[in-house]
Amino acid sequence: MTTEVTMDKIVSLCRRRGFVFPASEIYGGMGSSYDYGHYGVLLKDNVKARWLEAMVRERDDIVALDSSIILNPRVWEASGHVGGFSDPLVDCRTCKQRFRADHLADPEHEDVRCGKRPSKRPGETSDCDLTEPRQFNLMFRTRVGAVEATGTDVYLRPETAQGIFVNFKNVAQLARRKPPFGIAQVGKAFRNEITPGNFIFRTLEFEQMEMEFFVPPSEADEWYRYWVAERLAWHVRYGIREESLRVRPHEADELSHYSSGTSDIEYLFPIGWSELEGIANRGDFDLTQHTAASGTKLEWVDSGSGERFVPHVIEPALGVNRSMLAFLVDAYEEEVVGERERTVLRLHPQLAPVKAAVLPLIAKDGAMVERARSLYEELRRSASVEYDDSGAIGRRYRRQDEIGTPWAFTIDEQTTVDGTVTVRDRDSLAQERIPLENVTSWLAGRLVEPWSAPPRH
Ligand code: GAP
C-alpha cells in the first residue's frame with residue numbers, strides 16, 4: 001500500500017521530532033510564521049549547502065554574494081516593486097476574510113474557503129458581500145532613524161535578486177568575470193502574504209536561493225533552456241522522484257513585470273501541483289532600470305575590444321523552506337516491518353540532518369559503552385552523528401528512521417569479541433558487519449556515493 005502523504009502528517013512529524021514548530025507559540029502563534037528546531041536547522045543548512053555547492057563550488061562561472069536586507073528605498077522604486085509588487089485582494093464584508101482575486105477565480109484553489117461556512121466558497125451564497133479587487137503591496141515597510149518624524153521609509157527585501165543587480169558593477173570588476181557569469185546569493189526575504197500558509201510552503205519570511213546569470217543578449221534563450229534543465233536535474237540529484245516534478249512555462253498573462261519568459265518547476269505537494277522553483281528570463285530589465293535610476297552604467301565593457309552591451313539575465317530562484325518541504329514530502333513513508341509500523345524519512349544522505357547513529361546495544365555494559373563513545377568521538381570530527389543509549393534498540397532505530405538518519409552503527413557483544421560492528425541501513429533495513437576501525441572511511445565513502453530514492457512501497 002502506498003503511503004498517502006498529507007500535509008497534516010508532515011506537520012505532525014516536524015513537530016514531534018522538532019524540525020519545525022509555530023512561531024511565538026506561547027502567545028498563540030503568528031500566522032504564516034514558523035520556527036526551526038535542531039533537525040530543521042540541520043536539514044535547511046544541508047539544502048543550502050547542496051545548492052551553493054552546485055552553483056559555486058562545482059562551477060567556474062558563478063561567484064557568491066551576501067547583500068543587505070535593507071537597501072536604499074530607491075532600489076525598490078527602480079525595480080518596479082513599489083509600483084507593481086502587489087496582489088489583487090478581495091475582502092468579504094460579512095466574514096471579514098481576505099482572498100486573492102486570482103485564487104477566487106480558480107474553483108479548485110486550496111487557499112480559498114468561506115470564512116463563515118467552511119464547506120462553501122466565497123461568493124457562493126447571498127450572504128457573501130465581496131469588495132472589488134484592490135491592489136495590496138507585498139513589501140513590509142519600516143523606518144530607519146532614531147526620530148520617527150525625520151526617519152526614512154525603507155522596505156524589508158521581498159527578494160534577494162535586487163541586491164545582486166545593484167552590485168553588478170562591483171562584482172564584475174572585482175571578480176574579473178566576463179558574461180556569461182553568475183552571482184549567487186542565499187538569504188532571507190519578506191512578503192506580507194495574506195493567503196493562509198499551508199505550513200512552510202508560503203510564509204511571511206523565508207529564505208531564497210537565487211542566482212542571476214548575466215549573458216550576452218544573443219545567448220539568452222539558450223541559457224534560459226540550459227538553466228531550466230540544470231535546476232530540474234538538481235532536484236532529482238538530491239532525491240526528488242522525477243514523476244513528482246514537472247516544468248510549466250508561464251502563460252503571457254502570468255509573467256512578472258520584468259520577465260520575457262518564465263518556467264516554474266512544479267512539485268506535487270500534498271496541496272496539489274505547485275511552484276517549487278521559478279526560472280525567469282529577465283532580459284535587460286533590471287540592469288537598465290538601475291542604470292536609469294542611479295546614473296551608474298550597469299553594462300559590460302570589454303577592456304580590449306571596447307565592445308559593450310547590457311547583459312541579459314537568467315534567474316533560477318528557489319525558496320529554501322519550500323525546497324525543504326518538498327524533500328520532506330518526497331522522503332516521507334509509512335510501512336509495516338515485522339508487524340510494527342514505522343515512519344521513515346528516506347532523505348538523501350547528503351541532506352539528512354544526522355548521517356549516522358552510534359548505539360551501544362546495552363547501555364549498562366561498560367565495554368560496549370566505551371567502544372561506542374570512542375567511535376562517536378571519532379565520527380563526529382567529520383560528520384553530523386548522534387550517540388544514543390536510551391531505551392530499547394528497536395525504539396532507537398525508529399527514532400533515527402523518523403529523522404532520516406541513513407545508517408546506524410550498533411556495538412554489541414560480538415564487537416567486544418571480534419572488533420566488528422553492525423551497520424543497519426535505513427532504507428533496506430539490511431544489516432552487515434564491518435570492522436570497527438573501518439567505520440569512518442566506510443561512512444565517508446557512502447556519503448559521496450550517488451543516491452536515488454527507493455521505489456515507494
Ligand atoms: N527573484 C524572483 C522571485 O523572487 P518568486 O517566484 O516570487 O521569484 C522565488 O520567488 C521562489 O521563492 C519561489 O519559487 C518559492 O520557492 C520561494 N517563495 C516565494 N514566496 C515565498 C513565500 N511567501 N514563502 C516561502 N517561499 C516563497
Side-chain angles (χ1 to χ4, degrees), residues 20 23 30-34 36 44 47-48 51 65 67 69 71 75-76 79-81 84-87 100 102-103 111 136-140 155-166 182-213 224 227-228 231-232 234-235 240 245-250 254-267 269 271 273-283 285-287 289 313-329:
V20 184
M30 172 78 202
S32 298
S33 296
Y34 290 89
Y36 291 73
K44 206 147 58 82
V47 171
K48 290 186 271 187
W51 185 88
L65 177 75
S67 70
I69 286 175
L71 301 175
V75 168
W76 305 108
S79 68
H81 284 82
F85 191 56
S86 50
D87 281 341
R100 265 176 60 171
D102 50 334
H103 290 178
D111 284 345
F136 174 84
N137 197 293
L138 294 179
M139 282 197 294
F140 281 108
Y155 302 97
L156 301 186
R157 66 179 177 201
E159 61 172 18
T160 59
Q162 298 303 323
I164 298 181
F165 297 129
V166 298
I183 305 176
Q185 163 152 246
V186 178
K188 279 224 164 169
F190 305 81
R191 294 185 190 177
N192 199 354
E193 303 274 9
I194 61 95
T195 47
N198 284 321
F199 194 38
I200 54 172
F201 178 83
R202 180 173 284 114
T203 46
L204 299 181
E205 57 184 277
F206 52 99
E207 284 176 277
Q208 284 189 316
M209 304 183 279
E210 296 198 289
M211 195 278 292
E212 310 301 323
F213 202 69
Y224 171 60
W227 277 110
V228 171
R231 295 304 308 148
L232 190 62
W234 182 86
H235 297 283
I240 303 264
L245 289 167
R246 70 180 188 195
V247 176
R248 189 182 67 81
H250 280 203
E254 271 184 280
L255 292 175
S256 311
H257 58 275
Y258 50 75
S259 171
S260 56
T262 296
S263 288
D264 285 345
I265 296 180
E266 294 189 333
Y267 176 70
F269 286 97
I271 53 172
W273 286 103
S274 310
E275 174 184 347
L276 172 60
E277 169 159 14
I279 297 107
N281 181 349
R282 298 181 73 121
F285 177 83
D286 304 277
L287 295 184
Q289 289 286 109
V313 175
I314 311 302
E315 173 198 68
L318 172 63
V320 176
N321 320 68
R322 203 175 283 187
S323 177
M324 169 174 157
L325 179 61
F327 284 124
L328 284 170
V329 170

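Values below: every heavy atom of this structure, side chains too, minus hydrogens, waters and symmetry copies. Count residues from 1 along the sequence. Remember, it's 1-based here, ligands and their atoms both numbered in the order they're listed.
Ranking protein heavy atoms by distance to atom 10 (O) of ligand 1, first place goes to Q208 NE2, 3.4 Å. The protein heavy-atom contact nearest to atom 11 (C) of ligand 1 is A317 O, 3.6 Å. When hydrogens are left out, the protein atom nearest atom 26 (N) of ligand 1 is F206 CD1, 3.6 Å; that is the closest non-hydrogen contact.
Those atoms of ligand 1 that come under 4.0 Å of a heavy atom in E210, given as number and element, are 1 (N), 2 (C), 3 (C), 4 (O). For ligand 1 and E275, the ligand atoms under 4.0 Å from any heavy atom of the residue are 6 (O), 13 (C), 14 (O). Short contacts between ligand 1 and E159, defined as distances under 4.0 Å to a heavy atom of the residue, involve ligand atoms 1 (N), 2 (C), 3 (C), 4 (O). Against a heavy-atom cut-off of under 4.0 Å, E315 is close to the following atoms of ligand 1: 1 (N), 2 (C). Annotation for ligand 1: atoms under 4.0 Å from non-hydrogen atoms of G319 are 11 (C), 12 (O), 15 (C), 16 (O), 17 (C). Applying the 4.0 Å criterion to heavy atoms of E277 picks out, from ligand 1, the atoms 14 (O). Residue F201 approaches ligand 1 through these ligand atoms, each under 4.0 Å from one of its heavy atoms: 24 (N), 25 (C), 26 (N). The distance from ligand 1 to the heavy atoms of G278 drops below 4.0 Å at these ligand atoms: 14 (O).
Under 4.0 Å from ligand 1, heavy atoms of R202 appear from its side chain as well as its backbone. With a 4.0 Å cut-off on non-hydrogen atoms, R282 touches ligand 1 through its side chain and not its backbone.
The shortest distance between side-chain heavy atoms of F190 and M139 does not fall below 4.5 Å. Counting heavy atoms from C-beta on, the side chains of I164 and E315 never come closer than 4.5 Å. R322 has its side chain out of reach of Y267: every pair of non-hydrogen atoms, C-beta onward, lies at least 4.5 Å apart. Using a 4.5 Å heavy-atom cutoff, the side chains of Q208 and R157 are not in contact. In this structure the side chain of E205 never reaches within 4.5 angstrom of the side chain of F140, judged on heavy atoms. Annotation: side chain of H235 is in contact with side chain of L318 (closest heavy-atom distance under 4.5 Å).
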Side chain to side chain donor-acceptor pair (under 3.5 Å) between Q185 and S67, intermediate numbers included: CA-CA 8 Å; Q185 163 152 246; S67 70; 3.1 Å; yes

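In this structure, L276 has a heavy atom closer than 4.0 Å to ligand 1. The closest approach between T203 and ligand 1 falls below 4.0 Å for a heavy atom of the residue.
Between R191 and ligand 1, a contact under 3.5 Å exists for at least one N or O pair.
Between R282 and E159 a salt bridge is recorded (basic side-chain N to carboxylate O distance below 4.0 Å).
With values rounded to the nearest 0.5 angstrom, N192 atom CG is found 12.0 Å from S86 atom OG.
In summary, the aromatic rings of F199 and F201 are positioned with their centroids too far apart to meet the 6.0 Å limit.
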